[in-house]
Amino acid sequence: MTIAAPLWSTLPVPPTELCLDKVLRCGQSFRWKLSAPNEWTCTLRGRVVTLQQEPSHIKYRAVFPPGRSDSTTPTNDDTEELLRDYFNLSVNLEALYSHWSSVDPNFLKKSTTFAGIRILRQDPWENVVSFICSSNNNISRISQMVNNLCLHFGPHLATIDSIDYHDFPEPSALAVPGVEQRLRELGFGYRAKYIAKAALLVANERVPGWLNSLRKVSYREAHDTLLELPGVGPKVADCVCLMSLDKPGALPVDTHVWQIAQRDYKFKGVKGKTLNKTTYDAIGDHFRKLWGEEAGWAHSVLFTADLKAFSEVKNETTVVSTKAVLTAQVETLMQNTSIKQEQSMMTAETSRKRVKREDVEEKEGEKEINDGVAETSSLVDRIKRRRRSGRS
DNA sequence: GAAAAACCTCGCCC
DNA sequence: AGGGCGAGGTTTT
């Protein structure tokens, strides 16, 4: 059943404190979907949250599942509190940017184009599972996998514009027989075993709230504790520490960050082809010494600036890049909605054919984009209509 | 202990 | 056309 969307509320946060387009697709969370141009939707703590970025603030609204009648009265809606927590809004990001810019010319160079990139405060369990999925992987496929996890194991919350929204599954929902096999059928590969075992461990061998309690212990202790989980090594542990456990100095070093360290910071010690533990720690220490207590936050800005998904922002003028961003967002919409969620239920061959067909139609649609938001909106509507008719 | 090899799948490249 | 290769690592040799 479809639920009428409530009115919009305002979160008085400027783009320099929070840039949705960057933060929601830079690889921190893998579940936000573009539901319309400049409109992001995701399930969060039992509700479907939708966000829009305005020049001076953020607009938001929440849809609760039927049965939560209190959701209709704004006084009982705690979504603003939820968003302030989720986006870590008590942290003054502009002050941090000023500091990092004053100690690092390279950061200063990137900071204008890549403003408003902050670290989220996500649910630790979701983060553990998401980053177990991230090994030997890319953002596009990680998003697909996490969405499939919610679709097949998470509770259904609402259906909006004929798109089903499911919350992220609790550990207990994944601590049941047959999960590994089902995850393999969904294309999780060798990560299926790690997720199934991690869920069993968290659900059956630890007290409730065990992961969340790591917010209260030191960075070192939290990091070392996370290594108990199968499929979690130093890098994934640092991702969870930084993005879920209030450890702003945690600095995940992947091959990408390693390249940034060598290319932009002349980092020495390029011994092996692979990143060993000694080099891993040395790079983290180097950046913590340079940027200070919140080095993990600063690292996220440079990491985002280096993502291929944002390469068009670097070189183009404002007008051109706006159009490019909108076009890219439409592509993201196509890729991350129901079409892709169903993909792994089909055979690989069928899947490839269907994606190719969608690509062709997408290119035909692109011709209709001349300029501005209105044309893009009509394209999005066309895509939605086509998807509806195609599925019925 | 350090350094390869294996692990699943997808998408891009030549 | 289709094999080769790497992608935000971890675990096993």
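Within every chain, numbering begins at 1; the chains are lettered A, B, ... in the order of the sequence lines, protein sequences first and strands thereafter. Because the structure is a prediction, the values reported are computed rather than measured.
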Exercise for the section: Kindly determine whether A/Y97 and A/F107 satisfy ring-ring contact (aromatic ring centres under 6.0 Å, His included), including the steps that lead there. Expected result: CA-CA 8 Å; A/Y97 267 58; A/F107 185 94; 5.3 Å; yes
Practice task
For the residue pair A/Y280 and A/D285, confirm or rule out a side-chain donor-acceptor distance under 3.5 Å.
Solution key: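 Side-chain D/A pair, A/Y280 to A/D285: absent.
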Handout entry: Side-chain donor-acceptor contact under 3.5 Å, A/T279 with A/N276
Key =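 Indeed, the side chains of A/T279 and A/N276 share at least one donor-acceptor pair under 3.5 Å.
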Exercise for the section: Measure from the ring center of A/F153 to the ring center of A/F168 and say whether it is less than 6.0 Å. Expected result: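 Distance test on ring centres: not under 6.0 Å, no.
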Exercise for the section: Report the residue (A/F131 or A/L227) whose heavy-atom-nearest nucleotide on DNA chain C is the more 5′ of the two. Expected result: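 In this pair, the answer is A/F131.
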Practice task
Between A/H256 and A/V232, just flag the one whose closest nucleotide in DNA chain C comes earlier from the 5' side.
Solution key: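 The residue mapped nearer the 5' terminus is A/H256.
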Practice task
Pick base, sugar-phosphate or nothing for A/F303, based on heavy-atom distances below 4.0 Å to the nucleic acid.
Solution key: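 A/F303: base contact, heavy atoms under 4.0 Å.
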Practice task
Describe the nucleic acid contact of A/G231 in one word from base, sugar-phosphate, nothing, applying a heavy-atom distance below 4.0 Å.
Solution key: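 Sugar-phosphate, backbone atoms only, no base.
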Below 3.5 Å between N/O atoms, which protein atoms pair up with nucleotides 12-14 of chain B? Just atom names and distances, please.
none

Expressed in angstrom and rounded to an integer, what is the separation of [X] atom [atom1] from [N] atom [atom2]?
X: A/K235; N: C/dG8; atom1: NZ; atom2: P; answer: 9 Å
X: A/L226; N: C/dG9; atom1: CG; atom2: P; answer: 17 Å
X: A/D254; N: C/dT10; atom1: CG; atom2: P; answer: 10 Å

Practice task
Decide yes or no on ring-ring contact (aromatic ring centres under 6.0 Å, His included) for A/H156 and A/Y165, but give the supporting numbers first.
Solution key: CA-CA 6 Å; A/H156 177 264; A/Y165 289 94; 8.7 Å; no
Handout entry: A/N136 side-chain N/O to B/dC7 phosphate OP1/OP2 under 4.0 Å
Key =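 No, outside the criterion.
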Practice task
Please check the phosphate of B/dC8 (OP1 and OP2 only) for any side-chain N or O of A/R184 closer than 4.0 Å.
Solution key: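 True: A/R184 side-chain N/O within range (under 4.0 Å) of B/dC8 OP1/OP2.
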If we take the [atom1] atom in both [N] and [M], what is their distance in whole Å?
N: C/dG8; M: B/dA2; atom1: P; answer: 27 Å
N: C/dG9; M: B/dG1; atom1: P; answer: 25 Å
N: C/dT13; M: B/dC8; atom1: P; answer: 13 Å
N: B/dA5; M: C/dC5; atom1: P; answer: 13 Å

Practice task
Determine whether any donor atom in the side chain of A/R191 lies under 3.5 Å from an acceptor atom in the base of B/dC8, or the reverse, and answer yes or no.
Solution key: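 Looking at the base of B/dC8, it does pair with a donor or acceptor on the side chain of A/R191 (distance under 3.5 Å).
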Handout entry: base_contact_polar (C/dG9 base, A/Y190 side chain, donor-acceptor, <3.5 Å)
Key =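 Per atom types, the contact qualifies.
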Problem - Sidechain N-carboxylate O distance under 4.0 Å for A/R288, A/E293 - result: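 A/E293 and A/R288: not salt-bridged.
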Problem - Joint hydrophobic cluster, A/W210 plus A/I132, side-chain heavy atoms closer than 4.5 Å - result: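 Yes, because A/W210 and A/I132 connect within a single hydrophobic cluster, where side-chain heavy atoms sit under 4.5 Å apart.
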Handout entry: Hydrophobic cluster identity match, A/L251 and A/L275, side-chain contacts under 4.5 Å
Key =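 In one cluster with A/L251: A/L275, yes.
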Exercise for the section: Looking only at side-chain atoms of A/I139, point me to the closest of C/dG9, C/dT11, C/dG8. Expected result: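 Within the option list, the nearest is C/dG8.
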Problem - Side chain of A/S135 (C-beta onward), nearest among C/dA7, C/dT10, C/dG9 - result: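 The listed nucleotide nearest to A/S135's side chain is C/dG9.
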Problem - Residue that, paired with A/L120, satisfies side chain to side chain contact (heavy atoms under 4.5 Å, CB included) out of A/S244, A/S300, A/C26, A/S29 - result: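 Only one of A/S244, A/S300, A/C26, A/S29 forms a side chain to side chain contact (heavy atoms under 4.5 Å, CB included) with A/L120, namely A/S29.
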Exercise for the section: For DNA chain B, list all stems, counting runs of three or more consecutive pairs where every pair is Watson-Crick or G-U wobble with both distances under 3.5 Å. Expected result: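 Result, WC/G-U stems under 3.5 Å: B:3-7 with C:9-13, B:9-14 with C:2-7.
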Handout entry: Inter-residue atom distance A/R47.CZ - A/T79.OG1, 0.5 Å rounding
Key =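 Reported value, rounded in 0.5 Å steps: 4.0 Å.
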